[in-house]
Amino acid sequence: MDGTAHEHEPGGEAPQEVGAKGPDELRRQIERTRGELGDTVEELAGKADVKGRARARAADLRDRAGAMTVQLRSTAAQAGHTVQDKAHTVQDKAHAVEHTLQHRAHTVERNLPDPVRNAVEAGRRHPRPVLVAGVAAGVGAVVAVEVLRRRHGR
């Protein structure tokens, strides 16, 4: 302390000023008090400006929302690229498997005996009779199984 007791006491109130030691000292005290009073008025005006504070808060929230939107769009775009990359990988693997299966089918077909190969080609050209024959064979198998069950008492 400089002897001009201007600091606040713990209760929050300013102590009584010790008398000025001359006109210059009095002017300095007045200027200091004016400055403090001006700061206090500005603080109170800021607190009283509810509309201004609400506008500032709204602007802050808009900025935050905009930043979050940009971040979410970026994250979504990255996720989309990742999904596309994985889809291409799966598609490439599917094509490789398809190619392998076609190659194996051709190998099996080349190794079939001529009568079987001729029957397969006829079935490709005329699929309906092959389907009818297949259904008839299936029905015959079901009937045969049922007959065998009844004979053996199951």
Side-chain angles (χ1 to χ4, degrees), residues 1-2 4-15 28-29 31-154:
M1 249 201 252
D2 61 358
T4 60
H6 186 66
E7 294 182 25
H8 290 283
E9 292 180 353
E13 298 198 15
R28 281 194 295 274
Q29 286 180 358
E31 285 304 315
R32 193 174 22 230
T33 302
R34 280 184 184 158
E36 290 173 1
L37 183 59
D39 292 344
T40 303
V41 168
E42 280 185 42
E43 276 185 51
L44 290 174
K47 289 181 180 179
D49 184 13
V50 175
K51 281 186 181 179
R53 289 186 7 224
R55 283 188 200 112
R57 179 78 174 135
D60 181 48
L61 291 174
R62 270 193 305 274
D63 291 345
R64 283 183 175 181
M68 288 177 75
T69 300
V70 168
Q71 184 178 5
L72 288 173
R73 284 183 180 163
S74 173
T75 301
Q78 287 175 344
H81 292 305
T82 301
V83 168
Q84 279 183 336
D85 291 345
K86 290 187 179 195
H88 287 302
T89 301
V90 168
Q91 190 175 24
D92 292 344
K93 287 180 181 180
H95 286 305
V97 167
E98 181 182 18
H99 178 72
T100 301
L101 290 175
Q102 286 176 349
H103 177 72
R104 288 181 181 172
H106 289 301
T107 302
V108 167
E109 193 174 327
R110 279 193 309 263
N111 293 331
L112 287 175
D114 286 339
V116 173
R117 188 175 323 128
N118 292 339
V120 168
E121 287 174 11
R124 284 187 187 154
R125 283 193 304 269
H126 307 289
R128 188 172 289 162
V130 173
L131 287 173
V132 170
V135 169
V139 169
V142 169
V143 169
V145 167
E146 193 61 30
V147 167
L148 289 174
R149 263 195 205 157
R150 288 186 184 179
R151 283 190 183 168
H152 289 71
R154 292 183 187 175

task: Could you check Glu146 against Arg150 for side chain to side chain contact (heavy atoms under 4.5 Å, CB included), going step by step and ending with a plain yes or no?
output: CA-CA 6 Å; Glu146 193 61 30; Arg150 288 186 184 179; 3.6 Å; yes
- prompt: Rounded to the nearest 0.5 Å, how far apart are NE2 of His106 and CG of Leu101?
  reply: 11.0 Å
query: Any salt bridge between Arg117 and Glu121, counting N to O under 4.0 Å?
result: no
message: Working to the nearest 0.5 angstrom, can you tell me the gap between Gln84 CD and Gln91 CD?
response: 11.5 Å
- prompt: Around Arg55, counting heavy atoms of other residues, nucleotides and ligands shown, do more than 12 lie under 6.0 Å from its CZ?
  reply: no
message: A quick test of your reading: do over 12 heavy atoms of other residues, nucleotides or ligands sit less than 6.0 Å from CD of Gln71?
response: no
field: Carboxylate-amine/guanidinium contact Arg34 Glu31, below 4.0 Å
entry: yes
query: Under 3.5 Å, is there a donor-acceptor pair between the side chain of Asn111 and the main chain of Thr107?
result: yes
From CA spacing to verdict: salt bridge (charged side-chain N to carboxylate O under 4.0 Å, His left out), Glu36, Arg32: CA-CA 6 Å; Glu36 290 173 1; Arg32 193 174 22 230; 5.3 Å; no
task: Go through the steps for Thr69 and Arg73 under the test side chain to side chain contact (heavy atoms under 4.5 Å, CB included), then give the verdict.
output: CA-CA 6 Å; Thr69 300; Arg73 284 183 180 163; 3.8 Å; yes
- request: Measure from the side-chain N and O atoms of Asp60 to the backbone N and O of Ala56, and report whether any donor-acceptor pair falls under 3.5 Å.
  value: no
